[in-house]
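So you know, we letter chains A, B, ... as the sequences are listed, proteins then strands, and number each from 1.
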There are 2 protein chains.
Amino acid sequence: MSQFSTIARHSGISAWKQIADQISRSISSGEFDDTGMVPPEMVLAEKFGVNRHTVRSAIASLAEEGLLKRVQGRGTLIEKRERLIFPITRRTRFSEGLGKQGAEMSTRLISYEELEATQDIADALALPPGARILRLRTVGSADGQPVSTATSHFDKARFPRMAELVGRHHSVTKAFAAQGVDDYVRVSTEVTGRTAAVEEEAYLKLSPGSVVLVALSVNADLEGRRIQYSRSVFAADKISLKLDTASV
Amino acid sequence: MSQFSTIARHSGISAWKQIADQISRSISSGEFDDTGMVPPEMVLAEKFGVNRHTVRSAIASLAEEGLLKRVQGRGTLIEKRERLIFPITRRTRFSEGLGKQGAEMSTRLISYEELEATQDIADALALPPGARILRLRTVGSADGQPVSTATSHFDKARFPRMAELVGRHHSVTKAFAAQGVDDYVRVSTEVTGRTAAVEEEAYLKLSPGSVVLVALSVNADLEGRRIQYSRSVFAADKISLKLDTASV
DNA sequence: AAAGATTTGTCCGTATGTATG
DNA sequence: ACATACATACGGACAAATCTT
C-alpha cells in the first residue's frame with residue numbers, strides 16, 4: 001500500500017504542499033487506518049523522491065491544521081474526525097433528520113430576492129417560464145455549527161410570505177404549515193460534488209478548497225403539486241448523505 | 001456577483017494556481033452562466049490584486065484543461081460540460097442505470113484479495129467478525145471512459161468464485177446470477193465527497209485534486225440476506241447521483 | 001465603411017521564491 | 001549557512017483580433 005504519486009514539478013503548487021495534500025487525502029481514504037499513523041519522515045522523503053527538508057515542511061503544515069499530531073520518539077499520529085449523517089428519504093426535513101442524532105438544529109435566513117422563473121426553475125416547479133419566484137438563501141446549523149447552505153425557490157403567487165415566515169420560524173416546514181401545507185414529500189434528489197465557492201466557504205466556515213456535496217431537490221405537497229426547488233450545499237467533511245432504499 | 005477571495009501569498013500554492021482554482025469553482029457554481037464567459041483579464045487582475053500576466057497564467061492552465069477557450073479580441077469563453085446521471089434506487093445496477101443514457105457500460109476487474117472481515121465489513125454483511133471475505137477492486141467505464149471505481153466485499157463461503165466470474169462476465173450482476181442469485185436489491189447507500197486519493201486519480205484518469213463522490217452501499221438478496229458491501233468512488237465532474245427516495 | 005475602444009497575444013527585462021546539494 | 005538553477009510574479013510596450021459607434 002502507501003501508494004503515492006510523484007511530485008509534479010511545475011504545477012504551480014510547491015512540493016511540500018503537494019506532499020501535504022497527498023498525505024491528507026491518503027488519510028481521508030483510509031490508507032493508514034490499520035496503524036493510525038503516518039510513515040516516518042525518512043520513508044516518505046524517499047517515496048516522494050524529495051529532500052528531507054521538504055517532507056518536514058509538509059508534515060508541519062498538517063500538524064498545525066490539527067490533522068496530525070507529532071509525538072517525539074513515537075511517530076506522527078492521525079487525529080480522527082466523524083461526519084454527521086443526513087438522511088434523505090421521501091419525508092426528509094432538514095431539522096428532523098440531524099435532530100435525531102442529538103444535534104440542535106436551526107435554519108437562518110440570509111437573504112431573499114424576487115425574480116422571474118428561468119427555464120430550469122420553471123421546469124422543476126411545473127410553472128410557466130417567467131412566473132414570479134421567491135428565492136431564499138438559508139444556512140442550516142447543527143449545534144451552532146453551520147453544515148449546509150441552501151438556495152430555495154418558491155412560487156410567489158402561492159407562498160407570498162415565505163421569506164418573512166422562514167425568517168421568523170427558522171424552519172421551512174413551519175413556514176409551509178403557516179401557509180396551509182401541513183405535509184409534503186421529496187420528489188427527487190440529485191447529488192454531485194465540487195470544491196466550495198468563495199461565498200460558500202464563508203457561510204459554512206470552510207477552509208479554502210474544501211469539498212462540498214451539492215443536492216438538487218424538489219418537494220411537492222400531497223396532491224403532487226411542486227412547492228419547493230432547492231440547491232443545498234453540504235460541507236463534505238462534516239456530513240454524509242444517507243439514502244434509505246429499504247421499503248420502496 | 002463575481003465574489004472572489006484574496007490571494008494568499010506564501011501559502012505553498014502559487015498565485016496563478018489559486019486564481020485558476022477560484023475561477024474554476026466560480027464556473028462550477030454557475031457564477032458566469034448569464035454571459036457564458038469569464039471577465040476580462042484586466043478586470044480579474046484588479047479583483048485579485050495581481051498582475052495581468054498572473055491572471056493569464058491561470059487562464060492558460062484552465063484553457064489547456066479544456067474548461068475555457070480564449071478568443072483574441074473577444075474574451076474568454078466557458079466550455080460546457082455535462083454530467084452523466086447515475087440513478088440510485090432500490091434496484092440499482094451499475095450497467096443498467098447509465099446504459100439507458102446511451103452509454104456503453106463495462107466493469108473491469110482490477111484486483112482481488114482474501115481477508116478476514118473487520119468490524120465494519122462484518123456489520124454490513126451481517127457476518128461474524130473474522131469471516132473470510134473476498135474483496136474485489138473494479139473500474140466501471142462509460143463509452144470507454146472510466147467513471148467509477150469500486151471496492152466490493154463478498155462472503156467467501158457463499159460466493160467463492162466471485163473474482164473469477166466478475167473477471168469473465170465484466171458484470172457483478174451476471175456473476176451473482178451464475179451463483180444462484182437472480183435478483184437483489186440495494187438496502188442502503190451513504191454518500192459523501194472528498195478529493196481523490198492518488199490511486200483513484202490513476203484509475204479514473206483524474207487531474208490531481210479532483211473531487212470524488214463516495215457511495216457506501218449494501219445489497220441484499222430477495223430473502224434479505226446481505227450479499228455485497230461496497231464503496232464506489234465516482235468522478236464528481238463526470239457524474240451526478242440521482243437518488244430515488246424511499247417512502248419511509 | 002472607418003475610427004476608436006476593448007480584449008487577448010507576445011515580447012522585453014527584473015526581482016523574488018523554491019528546491020537542491 | 002551558502003551557492004546554484006529554475007519557476008514565479010511583476011511592469012511595461014505593442015501587435016492582432018473583435019466589437020461598438
Side chain to side chain donor-acceptor pair (under 3.5 Å) assessment of R83(A) paired with T192(B)
CA-CA 9 Å; R83(A) 288 187 171 92; T192(B) 189; 3.0 Å; yes
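Distances shown here put every side-chain N or O of R56(B) at or beyond 4.0 Å from the OP1 or OP2 atom of dT8(C). For dG11(D), the OP1/OP2 oxygens have a side-chain nitrogen or oxygen of N51(B) closer than 4.0 Å. Side-chain N/O atoms of R52(B) include none lying less than 4.0 angstrom from OP1 or OP2 on dG11(D). Side-chain N/O atoms of R74(B) include none lying less than 4.0 angstrom from OP1 or OP2 on dT6(C). A sub-4.0 Å separation between OP1 or OP2 of dA9(D) and a side-chain N or O of W16(B) is present. OP1 or OP2 of dT8(C) lies within a sub-4.0 Å distance of a side-chain N or O belonging to T76(B).
Taking atom CG of L44(B) as the reference point, atom C1' of dT8(C) lies 13 Å away to the nearest angstrom. For the pair E41(B) CD and dC10(D) P, the computed distance is 14 Å after rounding to whole Å. One interatomic measurement links the two molecules: CE of M42(B) to P of dG9(C), which rounds to 15 Å at whole-angstrom precision. Protein atom CZ of R70(B) is 18 Å distant from nucleotide atom P of dA16(D), rounded to whole Å. Between Q72(B) atom CD and dT8(C) atom P the separation is 10 Å, expressed in whole Å. K17(A) has its NZ atom 18 Å from the C1' atom of dA19(C), to the nearest Å. The nearest whole Å value for the distance from the CZ atom in F48(B) to the P atom in dA9(D) is 13 Å.
Counting only heavy atoms from C-beta on, V50(A) has its side chain closest to dT20(C) among dT20(C), dC10(D), dA17(D).
Judged by distance alone, with hydrogens and angles left aside, H53(B) brings a side-chain donor or acceptor within reach of the base of dG12(D), the pair sitting under 3.5 Å.
Comparing V71(B) and I13(B) against DNA chain D, the residue whose closest nucleotide sits nearer the 5' end is I13(B).
Salt bridge status for E199(B) with R25(A): absent, with no side-chain N to carboxylate O gap under 4.0 Å. Between E41(B) and R52(B) there is a salt bridge, with a side-chain nitrogen of the basic residue lying less than 4.0 Å from a carboxylate oxygen of the acidic one.
Judged by distance alone, the side chain of S26(B) and the main-chain N or O of Q22(B) form a donor-acceptor pair under 3.5 Å.
Using cut-offs of 30° and 60° for the angle between ring planes, the F154(A) and F159(A) rings count as perpendicular.
As the counterpart of dT20(D), dA3(C) is assigned, both hydrogen-bonding distances of the Watson-Crick or G-U wobble pattern falling under 3.5 Å.
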